[in-house]
Each structure stands twice: as C-alpha cells, then as structure tokens.
Amino acid sequence: MTGMSLLSPTLHTARLRLRPFGDADADDLFALHSSAYVLRYWDSPPWSDRVRAERFIAACRQMAEAGTGARLAVDRVDDGAFIGWCGLSRWNPDYRSASLGYCFDDAAWGHGYATEAAHAVLRWAFDALDLNRVQAEADTRNVASARVLQKLGFVREGTLREDCIVNGEVSDSWVYGLIRREWRPSSAPGAAS
C-alpha cells in the first residue's frame, strides 16, 4: 500500500499476542509444519527438514519488507507458548485486497484461537491497511477451518474444483470472501486493542 509500511505489526487480543517471527521460532515452527495430522488438508507435504522453518521465517521478513503481506507468530498470553501463525499474503494495493491464511497446532484446536487471531488480523487489515476485500481458501474436507471463516463473517463464494493435490489425492477448495462493508469488528471473540 502506498505510503504505508507493511512491516509486521504486533497485535494483541485478550488471550493472544501476534508478533513478527524471529529466528528463535524455527524449532516451534518446524514442529508445527512437520505434523502430518496438522497438515492433512494442506496443499504441500509436512516438512522433513528444519531448514524449511528458517526459509519460512526469511520469507516472512521478505514479504513484509516487499509490502506483499505479513505472517505473524501467535503466542498464548498466559504462558507465552507458540501455538501457530496467522497472516495476510498476496497484497494487491490496486484492488486493496489480500488473502488470509493460518495454521495452528492441534493442541490449540477447539479453543477459538484461530478465530481470535484471524479477527485481530482482519481488524488490522480493514482499519489500519484500509483493505476492501480479504479472501481465504479451505480444503472442502476441512470443516473446522470453514467454521472459523464463517464465524468471522466470510461468505463462501465458490469451489475451485480439483485445484490442488493433498497427500496424493486431488482435492477441491472452497473460496471465501469478506468485504469491508460486511465486516463486523465487534462480532468475533477476543477482540482487544
């Protein structure tokens, strides 16, 4: 976005802190992305080499510096534990749009953390970055992720048929969109400054 730095911010909710990745996050990030269970609907295989985590962190920095997005590590406030990441990518300043993505450790599932973290990122996207549209995609078998997006106000806009291969299986993805005028900043749990 012209005139605005997209360097990754630090965001806070009632239970979470979202912050830029640092080199010290490599082990936790590798543990997350090497889990076949966590990535069972992901469009790339689990990581088998820790260097992938280092490259991911470098790519996060590069994305922020280039102004094409921001991926943020998510820590629980009460114990400081890394539980996943959430962020925006594919920034398009001409269309004021971006894509939302997230990945959380399975021990963190079912506690509303993904919804809370994504809500904080969306608040930043619509308020600070003045985006008009945020898009997200989810494997059609990933009903938990679909529920997160629906709780945030996303509308399922269509299906990308056989758009990727997940664990050797051809897979469909749902496309979701959230438009600025439909955004309800107070509608999600965990909203904080």
Side-chain angles (χ1 to χ4, degrees), residues 11 13 15-16 18 21 25 28-48 52-53 55-56 59-60 63 69-76 81-91 97-126 131 133-179 182-184 187-191:
L11 307 173
T13 72
R15 302 182 299 161
L16 304 174
L18 289 77
F21 276 100
D25 294 312
D28 288 334
L29 187 60
F30 177 68
L32 175 68
H33 276 270
S34 64
S35 168
Y37 183 64
V38 168
L39 298 185
R40 69 189 184 279
Y41 301 123
W42 210 258
D43 59 359
S44 60
W47 296 347
S48 57
R52 292 285 307 270
R55 285 195 297 240
F56 182 95
C60 290
M63 183 189 310
R71 286 191 192 118
L72 303 171
V74 179
D75 300 326
R76 268 194 312 255
F82 171 86
I83 60 171
W85 62 266
C86 185
L88 296 173
S89 62
R90 291 186 264 178
W91 240 288
S97 65
S99 293
L100 175 74
Y102 47 83
C103 184
F104 285 84
D105 184 81
D106 58 316
W109 295 352
H111 299 282
Y113 295 134
T115 304
E116 190 171 328
H119 185 268
V121 168
L122 290 169
R123 179 184 295 273
W124 177 59
F126 289 121
L131 294 186
R133 174 185 169 80
V134 177
Q135 181 170 305
E137 294 176 15
D139 187 295
T140 56
R141 298 166 296 176
N142 193 347
V143 295
S145 190
R147 272 196 306 269
V148 167
L149 295 170
Q150 290 163 352
K151 281 191 255 182
L152 292 164
F154 280 81
V155 173
R156 191 166 79 201
E157 298 175 335
T159 303
L160 298 173
R161 299 177 312 138
E162 298 185 8
D163 72 315
C164 57
I165 298 178
V166 176
N167 295 319
E169 266 182 63
V170 175
S171 178
D172 298 339
S173 295
W174 284 319
V175 177
Y176 288 84
L178 180 59
I179 307 300
E182 298 168 346
W183 165 241
R184 303 288 178 254
S187 64

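What you see is a predicted model, and the numbers here were worked out from it, not measured in a lab.
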Visitor: Distance from Trp42 atom CH2 to Asp139 atom CG, nearest 0.5 Å?
Guide: 11.5 Å
Visitor: Please name the pair of heavy atoms, one in Ala70 and one in Trp91, separated by the smallest distance, quoted to 0.1 Å.
Guide: N-CZ3, 3.3 Å
Visitor: Could you measure the distance from the OG atom of Ser34 to the CG atom of Leu29? Nearest 0.5 Å is fine.
Guide: 9.5 Å
Visitor: Between Leu88 and Leu131, is there a side-chain heavy-atom distance shorter than 4.5 Å?
Guide: yes
Visitor: Kindly give the heavy-atom pair with the smallest separation between Leu100 and Cys86, and that separation in Å.
Guide: CD1-SG, 4.0 Å
Visitor: Looking at every heavy atom in both Cys164 and Ser173, which two are closest together, and how far apart are they?
Guide: SG-OG, 4.1 Å
Visitor: Find the distance between CZ (Phe56) and CE (Met63) and round it off to the nearest 0.5 Å.
Guide: 7.0 Å
Visitor: Are Trp85 and Cys60 side-chain neighbours, meaning at least one heavy-atom pair lies under 4.5 Å?
Guide: no
Visitor: Is there a donor-acceptor pair closer than 3.5 Å between any side-chain N or O of Trp109 and the backbone N or O of Phe104?
Guide: yes
Visitor: Is Val38 close to Pro46 at the side-chain level, that is, under 4.5 Å between some pair of heavy atoms?
Guide: no
Visitor: Taking the side chain as every heavy atom from C-beta outward, state whether Arg76 and His111 have any pair of such atoms under 4.5 Å apart.
Guide: no
Visitor: Any donor-acceptor pair under 3.5 Å linking the side chain of Asp172 with the backbone of Glu162?
Guide: yes
Visitor: Rounded at 0.5 Å granularity, tell me how far CG in Leu122 sits from CZ in Phe154.
Guide: 5.0 Å
Visitor: Under a 4.5 Å cut-off applied to non-hydrogen side-chain atoms, are Asp105 and Asp28 in contact?
Guide: no
Visitor: Any heavy-atom pair between the side chains of Phe82 and Leu32 that's under 4.5 Å?
Guide: yes
Visitor: Search all heavy atoms of Ala117 against all heavy atoms of Leu16 and return the closest pair with its distance.
Guide: N-CD1, 3.8 Å
Visitor: Atom OG in Ser48, atom CZ in Phe30: separation rounded to 0.5 Å?
Guide: 7.0 Å
Visitor: Does Arg15 offer a backbone N or O that forms a donor-acceptor pair with the side chain of Glu116 under 3.5 Å?
Guide: yes
Visitor: Minimum heavy-atom separation for Leu39 to His33, with atom names?
Guide: CD1-O, 3.1 Å
Visitor: Please examine the side chains of Tyr113 and Tyr102, heavy atoms only from C-beta on, and report whether any two atoms are closer than 4.5 Å.
Guide: no
Visitor: Are more than 12 heavy atoms, taken from residues, nucleotides or ligands other than Arg90, located less than 6.0 Å from that residue's CZ atom?
Guide: no
Visitor: Look up atom CH2 in Trp174 and atom CG in Leu160, then write down how far apart they are to the nearest 0.5 Å.
Guide: 12.5 Å
Visitor: Tell me, please, which residues at least two apart from Glu157 pass side chain to side chain contact (heavy atoms under 4.5 Å, CB included).
Guide: Arg133, Val175
Visitor: Between Asp163 and Glu137, is there a side-chain heavy-atom distance shorter than 4.5 Å?
Guide: yes
Visitor: Please report the shortest heavy-atom distance between Leu178 and Gly153, naming the atom on each side.
Guide: CD1-O, 3.4 Å
